[in-house]
Structure formats: C-alpha cells, structure tokens
Q: 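Before I ask anything, here is the structure I am working with.
Because the structure is predicted, anything quoted here is derived from the model rather than measured. Numbering of ligands and ligand atoms starts at 1, following listing order.
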Amino acid sequence: MNIQMVDLKGQYQHIKEEVDSAIQQVIDATAFINGPQVKQFSDNLERYLGAKHVIPCANGTDALQIALMAMGLQPGDEVVVPCFTYVATAEVIALLHLKPVMTEVDPHTFNLTAELFEKAITPRTKAVVPVHLFGQCADMEPILEVARKHNIFVIEDTAQAIGADYTFSDGTVKKAGTMGDIGCTSFFPSKNLGCYGDGGALFTNDTDLFQKIKMIANHGQAVKYHHEVVGVNSRLDTIQAVVLDIKLKHLDSYAQTRNKAAAYYDEVFGQLDWIRVPARQTNSTHVFHQYTLKLDVPEDRDELKAHLERQRVPAMVYYPIALHLQHAFKTEAFGPGDFPISEMLCSQVISLPIHTEMTETQLNFIIDAVLSFKKQKTVA
Ligand SMILES: *Cc1c(COP(=O)(O)O)cnc(C)c1O
C-alpha cells in the first residue's frame, strides 16, 4: 500500500480538468504577474474569511515579514513568539533586528496561551505572533484582551489553520487570521489551501494597515516609481492564483474529510493508555493540518516512528527541536531546560498521515501498524 503524509496527486485528479484549463488560459494570455485572476482570488478569499482585505504575496514567510514591517517597529523592539512552532515565525523577527521573545506553549493544544503571553511582556513588547498550530486556533479572546491592555499588535500565523472557526464568548464566530491586526498564511503545496508552488497572503480589517502592506509588498510604492518606504518584492503568480481559486471552493469539504480521518484515528487511539490523541478545544474548530499524537515515553516515540517506517507508513515529527535551542536563535537569555513543556513535546509528538484522499483501507492499515507496535514491545 502506498501511503503518503499528503496525497496532492490524488487531490489533483479530482480537479484536473478545471485546473489544467485555468492554467492554460493564463499561459495563453501570458498574464503571469498580476493577471486579473489574482484579484479575483483575493476577493473570493476576502468573502470566505469575512476579512476586509486580503493581500496576496509570494509565501507565508514573506507574509509574516511584511506584517512586521507594516507595524513600524524599531530595532530591539520585542515580539513574543511560541518556541514550539515552525522556524519562519521567529526567523522574520530576528531578520528585521527585532527581538524574538520566546515562550512556552500549552502541553495539550500546543498553542500559546494568554497567561504565557502576559508573562513574557516587558516595556519593550510591541507585538505577539500566536500560531494556530496543526489547525486549531490559539485561544484568541483572552490573548486579544491581554494585547489590548498592553497596547501590543497581534499578528496571527494561520499558515496551518486556514478555514478554522473561533467562537468568542458572545457567540461571534471569526475565521483564523481575522481576529488580530494582521493574519498571515502560506499556500505552500502541502498546506490545507496549497497551490502548485509557493504562495502566501496577509489579511486585515484595518484599511491603513492594508495600504501599508500593499505598498511594502510592492517595493514600497503606491504610485509607480515613487518609493515611499523600503519594501520588498513579494507577489502571488497568476498561475498560483487560479489553482487557489479552484481549491478555495473545496476548502470546507477538504476540512471535513480531514476531520473524518481524525475522528477515525481518535476512536481507536483514544482507547489506548500509552498514546494521547490531539486535544480539541470547545471554542475552535480543527482543520487538522496535522494529526499529532503524543507518547508519554519519549523512547516510544522514536521506536514507533522506526516501526511505522518499516511497515511503509510515513510519520513525521513536527517539531524535533524547540526554537530556543536552535543554533540560529541561541542567546544568553534562553538555554536547555528553560521551556520544559516544549522541549518535552519535541520528544513526544508524532504526526500521522492525514489528507483529503484517505481511504478507510489506508486508515485501517495505519491504525494496525500503530497497534502492532505495542504488541511487539510487550512480546519483546
Ligand atoms: C508553512 C509555515 C510558514 C511559512 O510558510 P512558507 O510559505 O513556507 O514561507 C510559517 N509558519 C507556519 C506555522 C507554517 O506552518
């Protein structure tokens, strides 16, 4: 059986005709940059998200960088960021000569919490980047309250959670990435809304920020050849926009399929005492970018991964090293043992295949492979 972490080829087969013809149209029109389909896609994404403005860009890392540039921060200003996340989140902070202030995450949801955020605040804290890791929103209502109280910008990293819904205590429902000042996402092929190359976008409801973001992403110009600020060149190709526009129509059903697979896994793994299934929050839906299990005994995790590989079941560790222990982010402020929860998670987590094309046969095969691990251990 050929099982993959993500089955992009299988997904493409269902939309092949529509995608092929849309791409061909772009080629025929040779409108590779800023073709009308780029605006069409960002309009459709605005509607889907309920966001006032969507600004497409070249990738998710650029989106985060541009968001920080739009905040008008000064070198040395502090930006709070969880240490259990993908490197891009912290990388752009350091790149702009801002100071990434790392924090611990919640051991169950893997996300930043308001308490952890508030503890990291100093008089120099100017922004926070909550990451909606693996597809579930960080608990945004209290995070936004703390940010408001201390006058701190909120940039949501929603690269893994596009389409997730967060419900506020007054019943208001908002999409991931539309709750803070700016939301950033990635359209990397394996993301829940992925294109056929690189892509990304920023979301905001603030018209001033929208103007700034648009200008920064376009060489710092609002009028051609009048460069008001130092910007970057970050665009979404027209070919990527047409792919995304087609896939956007399926995004909710893709999330449903992922949830079905997750529920199937949960039912079996939830019964086992040596494995912990992903925690579900009551105020956020989960779009299962990753289905991430936790094993209490770290050695079990590595052995399980090797065991699965032997049975040709792929499994990944997101993430094996917390950011505060990465050479690139080494400072005197943080060292081993400073964020024990995140460090522990790095040795406990394992993500199983989850995508839009999973069959029951595949799920059963994966589940049997996991179950046979403990049997084998007990016999040994
Ligand atoms: C994928 C990802 C990014 C970066 O996106 P790219 O398009 O690869 O630059 C940033 N943050 C998180 C949490 C991601 O998963």
Q: Using a 4.0 Å cut-off to any heavy atom of Asn59, which atoms of ligand 1 qualify?
A: 7 (O), 9 (O)
Q: In ligand 1, which numbered atoms sit nearer than 4.0 Å to a non-hydrogen atom of Ala88?
A: 4 (C), 10 (C)
Q: If you count the atoms of ligand 1 from 1 in the order shown, which ones are under 4.0 Å from a heavy atom of Gly60?
A: 5 (O), 6 (P), 7 (O), 9 (O)
Q: Have a look at His132 and tell me which of His286, Gln160, Glu156 forms a side-chain hydrogen bond (donor to acceptor under 3.5 Å, both in side chains) with it.
A: Glu156
Q: For this output row, return yes or no: ring centroids of Phe373 and His307 closer than 6.0 angstrom.
A: yes
Q: Heavy-atom distances under 4.0 Å decide this one: backbone, side chain, both or neither, for Asp157 against ligand 1?
A: side chain
Q: Which ligand 1 atoms, with their elements, are less than 4.0 angstrom from a heavy-atom of Lys191?
A: 1 (C), 2 (C), 3 (C), 5 (O), 14 (C), 15 (O)
Q: Between Phe41 and Phe187, does the ring centre distance come in under 6.0 Å?
A: yes
Q: Are Lys126 and Phe153 in a cation-pi setup, meaning NZ or CZ lies under 6.0 angstrom from the ring centre and within 45 degrees of the ring axis?
A: no
Q: Of all the non-hydrogen atoms in the protein, which one sits nearest to atom 9 (O) of ligand 1, and at what distance?
A: Thr61 OG1, 2.5 Å
Q: Quick check: does Ser186 get an N/O under 3.5 Å from an N/O on ligand 1?
A: yes
Q: Where the closest heavy atom to atom 15 (O) of ligand 1 is concerned, which of His289, Gln160, His132 has it?
A: Gln160
Q: Taking only residues two or more places apart in sequence or in another chain, which ones pass ring pair (Phe, Tyr, Trp, His ring centres under 6.0 Å) with His324?
A: Phe339
Q: Who pairs with Asp170 by side-chain hydrogen bond (donor to acceptor under 3.5 Å, both in side chains), at least two apart in sequence or on another chain?
A: Thr172
